[in-house]
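I have a structure I would like to understand better, so I am pasting it below and will then ask my questions one at a time.
Lettering of chains follows the sequences in order, A, B, ..., and the numbering in each one begins at 1.
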Number of protein chains: 2
Amino acid sequence: MKDAARTATARAAKVRAEPAPKRSRIQTRNRKRILEAALEVFSAHGFRGATLDQIAAEAGLSKPNILYYFDGKEAIHVTLLNQLMETWLDPLEQMNPEGEPLEEILAYIRRKLDMAQAYPRESRLFANEILQGAPRMGPHLEARLKPLVDQKAALIAGWAEAGRIAAVDPRHLIFSIWATTQHYADFEAQVNVLMPEGGVFPGAASHLETMYRRLLTA
Amino acid sequence: MKDAARTATARAAKVRAEPAPKRSRIQTRNRKRILEAALEVFSAHGFRGATLDQIAAEAGLSKPNILYYFDGKEAIHVTLLNQLMETWLDPLEQMNPEGEPLEEILAYIRRKLDMAQAYPRESRLFANEILQGAPRMGPHLEARLKPLVDQKAALIAGWAEAGRIAAVDPRHLIFSIWATTQHYADFEAQVNVLMPEGGVFPGAASHLETMYRRLLTA
DNA sequence: TCGTCACTTTACCAATTGGTAAAAAAGCAA
DNA sequence: TTGCTTTTTTACCAATTGGTAAAGTGACGA
């Protein structure tokens, strides 16, 4: 029962930032290894499809050793998700209210597509979680994603009202951007069957640029 | 080669229609119950996340009884996927080469969105499978989806070349349509957080109509 | 050199889960 | 009803899996 305090602390801290990390070099290194391995395995098989043994093998550590660094399978998953959320929000956060509206939105789309290309595993991890009804991320969506989307939707609505872009429902626009960019990561297996010639991303970038430009300048 | 495959293992027959169903009334009823229950459970938890016990409970049958009707968990999943593939292809198949290009494409989008609304579980089942790399559907994608997409992509390319719609990459257009329509089913949990007011589909339909109309008439 | 603390391994376990054997029950044609 | 087939239940099982206890290893300061 020596872990009681630590467990309780971790539990309460689920939605908050960790209070005092103060980790040793070994801890930092091994936690990173574990999270990297977990990302690989969770994104490929989903939460229940992944096993601690797989993660341990991928990380080059023993299973009990992994449980020395994390309180359990779920804790690893939640940690991954929370970390990723910040990365995921970043491209939208960068949308600048002072910038040129069309260019800001198109740049956002480019960043999202770049992320789908550079971080397909992260995209799939999120997709898996949302698909299952966001059982471990509901609070986080409410607390971090919703305020940001509300804010940026208002910004876009303002641009539209001012006639600086064509009239468009900001929230549905955002959904469309997410859907069309993440599709190339989440549905990669299908895309690869239908476009066997390597390198779909240049074509995707060009197509999305065209599509959203026409939508917003109509 | 195809004849050889047919006479080969039962494995090869996986992608074909069953030869002689000849099922009793009880078999028909219980198989349907099982598949309905399996759709519910698989779409909510993914293949590995679903258990036979859950499916059995949902179907109102005992686990061994379920295994009397299907050769195993995987067989149920594959059966579901194969059945669904036909339903899923149908809206695209309906796209009429003789019709008015813009109207045909917009009607296709409407049908896809209607399906996302009417059959969200089916959409999620597919999404789950593709996300995991289509381990049980790869051959089917190759055999059924690819030829159809090739054919319709050529049709759309023809329309574009003839100047009847604006220039567009047909395959990326199809990806965008899939992504934007299925998003409302697959990411429902997220959409519900961000648009709490019930009934997102009318707004979605309007937005997608606007978006693709502007894209194709630019 | 010793003691202490951080880290790692070995040896387990209890619960879950996909699946089976075989008996029992229910249909059903004659 | 009889006799056969189809369907369902009961009682299991072996493998997997998340997790734990406890002994062992190693680094480092006093």
5' to 3', nucleotides 8-19 of chain D under a 4.0 Å protein heavy-atom cut-off (B base, S sugar-phosphate only, - none) gives BBBB-----SBB
Which heavy atom of B/Ala56 sits nearest a heavy atom of B/Ser62, and at what distance?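 Smallest interatomic distance, heavy atoms only, reads CB-C, 4.0 Å.
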Counting N and O atoms only, with roles assigned by atom type, does the side chain of B/Lys112 sit under 3.5 Å from a partner on the main chain of B/Ile177, one being a donor and the other an acceptor?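 No; judged by distance alone, with no hydrogens or angles, the pair does not exist.
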Expressed as a whole number of angstroms, how long is the span from A/Arg31:CZ to C/dC7:P?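 Value for this atom pair: 11 Å.
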Is the backbone of B/Pro120 close enough, under 3.5 Å, to the side chain of B/Glu188 for a donor and an acceptor to pair up by distance?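 Side chain of B/Glu188 to backbone of B/Pro120, a donor-acceptor pair under 3.5 Å: no, none is there.
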Taking DNA chain C as the partner, which of residues 124-131 of chain B come within under 4.0 angstrom of it by heavy atom?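 DNA chain C contact set from residues 124-131 of chain B: none.
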Smallest separation among heavy atoms of B/Ser176 and A/Leu208, with atom names: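 Minimum heavy-atom separation between B/Ser176 and A/Leu208: OG-CD2, 4.0 Å.
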Apply side-chain hydrogen bond (donor to acceptor under 3.5 Å, both in side chains) to the pair A/Thr87 and A/Tyr119, showing each step before the final yes or no. CA-CA 10 Å; A/Thr87 314; A/Tyr119 306 108; over 6 Å; no
Please confirm whether the shortest side-chain N or O distance from B/Gln27 to OP1 or OP2 of D/dT7 is below 4.0 Å.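 Result: yes.
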Side chain to side chain contact (heavy atoms under 4.5 Å, CB included), paired with A/Tyr108, selected from A/Leu113, A/Leu92, A/Thr181: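 For A/Tyr108, the side chain to side chain contact (heavy atoms under 4.5 Å, CB included) test succeeds with only one of A/Leu113, A/Leu92, A/Thr181, which is A/Leu92.
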Dump every N/O contact between nucleotides 25-28 of chain D and the protein below 3.5 Å, one line per pair.
none

Side-chain donor/acceptor of B/Lys73 to backbone N/O of B/Ala50, under 3.5 Å: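 Side chain of B/Lys73 to backbone of B/Ala50, a donor-acceptor pair under 3.5 Å: yes, one is there.
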Knowing that exactly one of B/Met137, B/Glu122, B/His140 qualifies, which makes a side chain to side chain contact (heavy atoms under 4.5 Å, CB included) with B/Leu81?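 Among B/Met137, B/Glu122, B/His140, the one that satisfies the side chain to side chain contact (heavy atoms under 4.5 Å, CB included) with B/Leu81 is B/Met137.
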Would you please test B/Arg110 and B/Glu209 for side chain to side chain contact (heavy atoms under 4.5 Å, CB included) and show each step? CA-CA 8 Å; B/Arg110 260 177 260 126; B/Glu209 155 108 20; 3.9 Å; yes
Closer than 3.5 angstrom, by distance alone: can the side chain of A/Glu104 be matched with the main-chain N or O of A/Met95 as a donor-acceptor pair?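 No; judged by distance alone, with no hydrogens or angles, the pair does not exist.
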